[in-house]
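Notes to accompany the following structure.
In what follows, every heavy atom counts, from backbone to side chain, and hydrogens, waters and symmetry copies are set aside.
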Amino acid sequence: MAVDESGRPYAHPLYDTLDHFPGLSLATTSLDRLLSWSATNSLWIFPMATSCCAIEFMTSAANRVDIDQMGAVIRPTPRHCDVMVVAGTITVKMAPRVKKLWEQMPEPKWCIAMGSCAISGDFYRDIYSVIPGIDTVVPVDVYIPGCPPNADQVLVGLKRLQEKVELHRRGLVPARDGRPEHDKMIDPAIGRVTDADRDASTTEQQLAASRDLGLGGNSRRASDTPSSRQGGVDEEAT
Amino acid sequence: MGSSTSHGAAPPPPAPTRDVRPLRMRVNPFLDIDQYDPEADLMALNMGPQHPSTHGVFRIKLFIDGEVVVKAVPYPGYLHRGVEKLCEKLTFAQLVPIVDKHDYVAPMTNEQAIVRVVEEALKIEVPRRARVLRTILAELQRIASHLLWLGTFTLDIGGTIGGGASVMMYTFRERELILDLFEMLTGARFHYNTHTPGGNRHDVPVGWPERVKKVCDVIAARLPEYTAACTDNDVFDLRSRGVGVIDAATALELGLSGPNLRASGVDHDLRRDAPYHAYDEVGVNVAVATDGDCWARYIVRMAEMEESLRIVRLLIDDIPQGPITALKPVKLHTQIKVPAGQHYAAIDTPRGELGTYLIGGGAEKGAAAFRLKIRPPSLHAMAALPWILPGNTVSDVVAILGSLDPIMGEVDR
Amino acid sequence: MAALDADTWAALRGAFPSALPIDADPSGPVVPVDLHVAVARFLKESLGFTMYVTVVASHWPQADGSDRFEVATVLRRPSNPSVTAAWRLQIGPEAEVPTLFPLFAGADWQEREQFDLVGVRFTGHPDLRRLMMPEDWEGHPLRKSYAIDTPHPPWR
Ligand code: SF4
C-alpha cells in the first residue's frame with residue numbers, strides 16, 4: 001500500500017484510536033517510529049526450507065550463529081510471519097505450493113532467496129523439473145548467494161532486509177503491492193515474471209536510497225538523530 | 001519368556017499386545033477407502049508438502065478413523081531435480097559435486113558412493129592413504145549425520161518451541177565441530193567435492209589429526225549427555241518404544257538398509273560384509289537391536305556413533321604415507337572413460353546402502369554415463385511408510401517419519 | 001564386480017538349464033521376460049537373496065527409430081560376506097515386464113519410479129502411478145528422446 005493522504009505509510013488500528021484525540025500528532029510520529037523499530041527488529045521467518053540450504057538455515061538458527069540475536073523468530077506457519085526464506089531448490093511440483101503459501105502470508109511481507117538454487121536454479125537450472133529461480137514466482141527482496149551460503153551470511157542477508165523494511169516503513173520504498181516495476185515485469189500470458197525481464201534496477205535504487213540515508217551499517221542508530229528521538233518533526237517520514 | 005511355563009506356574013495373562021504378524025501379512029497399503037466401514041469416523045488429512053516435521057518437502061495423505069491411521073498414501077517428488085538425467089550429460093569427474101546434493105546431511109558418503117562405482121568399473125586400485133582417509137571421513141560424517149538426526153528427531157517428538165529443542169542445540173554444537181574439521185580439510189562446510197575417481201583431492205593439512213582426536217574426545221565425553229537427555233527421559237521412552245515396528249522379513253523385502261534394517265534385527269552391514277575403503281583393516285562391530293521400533297532405531301544410531309569414534313581413533317594415529325590418488329592429474333575432465341557394461345557398487349552411508357548402478361558407454365565415447373541410477377536408502381525407508389503407519393495414531397506419524405531418518409534430496413533426487 | 005558370483009550362477013543355470021546362456025555375462029545375464037518372476041523367486045527362496053536392492057530401466061533407441069528397453073534387477077543376500085545378484089530383461093517397444101511386487105514389497109515404489117521416469121509398464125502392479133513427476137506430466141524424462149530442458153509452462 002502506498003502512502004495515503006494522511007501521510008502514513010501503512011495502516012494500523014492504533015491510528016484510529018489516536019485520531020479521536022486531536023493534537024496528538026506528536027504521538028503518532030513517535031508511534032511511527034515505535035512501529036518501525038519493532039517491525040524491523042522482530043521479523044518472523046517462515047522457512048520455505050526444501051533442500052540442502054535448509055540444513056544451513058537450521059544451523060543459523062542453532063547455537064553457534066544464533067539468528068535469535070536479530071530478533072528473528074522462526075515459525076513454520078505462513079500466517080504468523082513477515083519474511084519467507086526460500087532455502088533450496090524449487091521444483092515445478094513445488095512452485096504452486098510456494099505461491100499459495102506466499103499468498104497466505106499477511107501484508108506487508110518480504111522474501112529472501114537463500115542459495116543459488118532459489119536465486120537462479122543453480123546447475124539444475126536447465127533441468128525439466130526445476131524452476132529457474134524463485135523470483136519468477138514470488139517477488140524477492142534480498143538474495144543471499146552461495147551453495148549453500150554459510151550460516152552467518154544468513155544474518156547478513158537479514159540485516160539487509162531490516163534496512164529495507166525500515167525504508168519501507170518510512171514510505172521511502174513503495175510496498176510490494178502496487179509496486180509498478182514488478183507488475184510491469186509480469187508477463188500477463190503466463191502470470192509470472194519471465195526470466196528475460198528480470199533486472200536489478202529496483203534493487204539498485206533501493207540500495208542508493210539506503211546509502212543516501214546513511215543506513216549502510218547499523219541502520220537504526222545512524223538515522224536516529226537526537227532531535228528525532230526527542231520527538232521533533234521527522235522530515236524523513238513525512 | 002519361557003521361564004514361567006517351565007516352572008509349572010499359570011502362564012501370565014496375555015498382555016493386550018499389538019498384532020505381531022509380519023507387516024506384509026496384516027497391512028494392506030492399497031486398502032480401498034470406499035470399502036472402509038461407513039459408520040467409521042473417517043477423515044482425510046493432508047500432511048505436507050511444507051510441514052516442519054517432514055524433513056524437507058514430502059506429502060502424506062492420511063486417512064484417519066478417529067485418531068488412528070487406516071491408510072497412508074505418500075507423495076514424494078517435490079524435490080525431484082532430475083539428477084539422473086543430468087548425469088547422462090556430465091563426465092565422471094564432474095559428477096562428484098552434483099551428487100553431493102543428494103543426501104545433504106552426509107555429502108561425504110555420497111561422493112564416495114559415486115567414485116566407487118567408477119573405480120569398480122575401471123578396476124582402479126585406490127592408494128592406501130586415500131582409503132584410510134576416506135574411512136575416517138566417512139565415519140566422521142556418520143557421527144555428524146546421526147547427531148543431526150538425533151537433534152531433529154527429538155525436535156519432532158518434543159515440539160518446535162518446547163523442551164525438545166534443547167537436545168537439538170546440543171547436537172548442533174557437536175556437529176559444528178565436525179564441520180569445522182571438514183572445512184579445514186576441504187575448504188567447505190558441506191558440499192566438499194573432495195573425492196575423485198582414483199583418490200582424494202585434498203591431502204591432510206598440518207595439525208588436522210590432532211584436532212580430530214580432540215574433537216573425538218569432546219564428542220565421546222558428551223555422548224552420555226544425550227543418553228541422559230533421551231534414554232533416561234520418560235517422555236522420550238513413551239513416544240518411541242513400541243512405535244512403528246517393522247519386522248525383519250518385511251524390512252528386507254522393502255529394501256530397508258543401514259540403521260533402520262539393523263534395528264529390525266538383521267545383522268547386516270556393508271562395512272563388514274562387503275568391505276570397502278579400509279574397513280577390512282579395522283573390523284566393524286555392528287550394532288543390532290531387535291525390536292524394530294523407533295526406540296531400537298535410536299539405540300542403533302547411538303551405538304553406531306560410539307563405534308565410529310572407535311574407528312576414527314584407531315585410524316587417525318597412523319595415516320599411511322604415500323600418494324593420495326591413483327590417477328595422474330587429469331588435464332581434461334573427459335579423460336575418464338567407462339566402456340559399455342553394467343556395474344553396481346554400494347557403500348553403507350549413515351542412512352544405509354547407497355548404491356549406484358552404472359551403465360557405461362554413454363556420450364563422448366564413454367566419458368559420460370549412458371544411464372546412472374542412484375539407489376537411495378531413504379527412498380526405500382519412505383516406501384515403508386504405507387506399511388508401518390496404519391494402526392498408529394496421528395501423533396506417532398511424526399515420530400515414525402523422523403525415526404526413519406529420511407533426506408528428501410535423496411528420496412527425490 | 002561381476003553381477004553374479006560363480007556359485008549363484010551355477011545354481012541358477014542348474015535351475016533353468018535351457019533358458020540361460022552357458023557363460024555368465026559380466027554385466028548380468030539376460031533372462032527371458034517370462035522367466036523374470038521365476039528367477040527372482042528362485043533367488044529369494046532357494047539362494048537367500050531376500051533383500052530387494054533396486055530395479056533400473058533404461059531406454060535404448062535403435063538406429064531404425066524403434067525403441068528398446070532394458071530392465072535390470074538387483075537383489076542382495078544379507079549374509080557375511082554379502083553378495084548381489086543382478087539380471088537383465090530386454091524388451092521391445094511394448095515396454096512391459098511383470099512386476100515383482102508379490103515377492104518384494106519394495107518393488108512397489110521402485111517400479112513406479114521407473115514407470116514414471118522411463119515409461120516401462122510393470123504388469124500386475126497394484127498401483128502403477130507416477131511417483132516423482134506430477135500426475136498430469138507428459139512424457140518420461142529419462143528417455144533419450146526427452147530433452148533435458150523441456151519447458152513446462154507456466155513454471156519453467
Ligand atoms: S544452492 Fe546448493 S546448497 Fe542450496 S539448495 Fe541449491 S544445491 Fe543445495
What part of Val118(C) gets within 4.5 angstrom of chain B, counting heavy atoms only: side chain, backbone, both, or neither?
side chain

Do any of residues 104-113 of chain C have a heavy atom less than 4.5 Å from a heavy atom of chain B, and if so, which, in residue order?
Phe104(C), Ala105(C), Gly106(C), Asp108(C), Trp109(C), Gln110(C), Glu113(C)

Any side-chain heavy atom of Asp273(B) sitting closer than 4.5 Å to one from Pro81(C)?
no

Any idea which of Pro76(B), Gly77(B), Gly341(B), Gly255(B) has the most non-hydrogen atom pairs under 4.5 angstrom with chain C?
Pro76(B)

Which of the residues Lys85(B), His80(B), His268(B) is involved in the greatest number of heavy-atom pairs with chain C at under 4.5 angstrom?
Lys85(B)

For chain B, which of Asp127(C), Leu131(C), Asp116(C) has the most heavy-atom pairs under 4.5 Å?
Leu131(C)

Any idea which heavy atoms bring Ser82(C) and Ala274(B) closest together, and the distance?
O-CB, 4.0 Å

Please classify the contact between Leu103(C) and chain B as side chain, backbone, both or neither, with a heavy-atom cut-off of under 4.5 Å.
backbone

Chain C heavy atoms under 4.5 Å from Arg413(B): which part of the residue, side chain, backbone, both or neither?
side chain

Take atom CZ of Arg41(C) as the centre, draw a 6.0 Å sphere, and report whether it contains more than 12 heavy atoms from other residues, nucleotides or ligands.
no

Distance col, row Asp267(B):CG vs Ser79(C):OG, nearest 0.5 angstrom, shows 11.0 Å

Min side-chain heavy-atom separation Met51(C)-Glu253(B) under 4.5 Å
no

Around atom CD of Glu125(B), are there more than 12 heavy atoms of other residues, nucleotides or ligands at under 6.0 Å?
no

Given heavy-atom pairs under 4.5 angstrom as the criterion, report whether the side chain, backbone, both or neither of Phe49(C) touches chain B.
neither

Tell me, do Tyr78(B) and Met132(C) make a side-chain contact under 4.5 Å, heavy atoms counted?
no

Might you confirm whether atom CD of Gln62(C) has over 12 heavy atoms from other residues, nucleotides or ligands at distances under 6.0 Å?
yes

Part of Leu256(B) lying under 4.5 Å from any heavy atom of chain C
backbone

Does the side chain of Tyr357(B) reach to within under 4.5 Å of the side chain of Val53(C), using non-hydrogen atoms?
no

Per-residue contact mode, Arg130(C) against chain B (heavy atom under 4.5 angstrom):
neither

Interchain contact, Val73(B) with chain C, by part (heavy-atom threshold 4.5 Å)
side chain

Would you say that Glu353(B) contacts Arg76(C) through its side chain, given a criterion of any heavy-atom pair below 4.5 Å between the two side chains?
yes

Are any non-hydrogen side-chain atoms of Lys144(C) and Phe370(B) less than 4.5 angstrom apart?
yes

4.5 Å side-chain heavy-atom contact, Ile148(C) and Glu88(B):
no

Check whether Lys373(B) reaches the backbone of Ala57(C) with its side chain - one donor and one acceptor, N or O, closer than 3.5 Å.
no

Below 4.5 Å, heavy atoms only, C-beta onward: do Leu252(B) and Tyr52(C) meet side chain to side chain?
no

Glu70(C) and Gln342(B): CA distance, side-chain angles, deciding distance, side chain to side chain contact (heavy atoms under 4.5 Å, CB included) verdict
CA-CA 11 Å; Glu70(C) 209 174 276; Gln342(B) 311 201 357; 2.6 Å; yes

Whatever's closer than 4.5 Å to a heavy atom in chain B on Pro78(C) counts as both

